[in-house]
Amino acid sequence: MVKTIRVSEEYHEWLSAHKRSDETMEETLRRMTRGPHPSDVAGLLTEEEAEDAKEAVNRLRGRDQDRLNDARCAFESEDGSK
């Protein structure tokens, strides 16, 4: 699947100036933003480790949501609104 992104003319010129002759624009963006290429990280985790990591992320997100809900309730109770 391919997606198109819009960037300003200035940013495109800056990015093009940093593009190496043997790179695609995606490769340049990844290099400039330090994003790993999927092939660089493929196979680092077993399926079980990947599932454990996903579960850990979901637990952290849940705790963040709980904290947000607690803060919202505290704010609403002080404000007198619901």
Side-chain angles (χ1 to χ4, degrees):
M1 174 187 272
V2 175
K3 295 282 186 178
T4 301
I5 60 171
R6 294 176 64 161
V7 297
S8 68
E9 185 73 26
E10 292 169 328
Y11 182 75
H12 188 271
E13 288 176 13
W14 177 83
L15 192 60
S16 293
H18 288 86
K19 184 179 174 299
R20 296 175 181 159
S21 61
D22 62 341
E23 286 181 321
T24 65
M25 282 300 254
E26 178 181 354
E27 291 168 333
T28 303
L29 278 166
R30 286 183 185 277
R31 180 173 52 82
M32 299 303 289
T33 60
R34 307 275 191 251
H37 191 278
S39 65
D40 293 340
V41 295
L44 289 179
L45 300 176
T46 65
E47 279 193 44
E48 183 178 339
E49 291 169 328
E51 283 303 313
D52 290 345
K54 287 177 189 177
E55 289 173 14
V57 167
N58 288 333
R59 280 193 305 275
L60 289 172
R61 285 182 179 153
R63 282 195 299 209
D64 288 345
Q65 188 61 49
D66 291 343
R67 290 175 60 205
L68 177 62
N69 291 338
D70 291 346
R72 182 179 292 123
C73 288
F75 177 77
E76 289 173 351
S77 66
E78 287 180 16
D79 186 32
S81 62
K82 292 185 179 184

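We're numbering straight along the sequence, starting at 1.
- Not one N or O on the side chain of E51 forms a donor-acceptor pair closer than 3.5 Å with the backbone of E48.
- The neighbour count for E49 CD, taken as heavy atoms of other residues, nucleotides or ligands under 6.0 Å away, is above 12.
- Between S16 and M25, the closest side-chain pair of non-hydrogen atoms falls below 4.5 Å.
- With K54 contributing its side chain and N58 its backbone, the two residues share no donor-acceptor pair below 3.5 Å.
- Heavy-atom contacts from other residues, nucleotides or ligands closer than 6.0 Å to NE2 of H18 number more than 12.
- Distance check: L68 CG to R61 CZ gives 14.5 Å after rounding to the nearest 0.5 Å.
- Taking OG1 from T46 and CG from D52, the interatomic distance works out to 7.5 Å, rounded to the nearest 0.5 Å.
- In this structure, R31 contributes its side chain and E26 its backbone to no donor-acceptor pair below 3.5 Å.
- Listed for the E27 side chain is a donor-acceptor partner under 3.5 Å among the backbone atoms of T24.
- Judged by distance alone, with hydrogens and angles left aside, the side-chain atoms of E76 form no donor-acceptor pair with the main-chain N or O of C73 at under 3.5 Å.
- Hydrophobic cluster membership is shared by Y11 and I5, with clusters built from Ile, Leu, Val, Met, Phe, Trp and Tyr side chains linked at under 4.5 angstrom.
- Atom CG of L15 and atom CG of L29 lie 4.5 Å apart (nearest 0.5 Å).
- Side-chain contact between W14 and E9 is absent, with no heavy atoms from C-beta onward closer than 4.5 Å.
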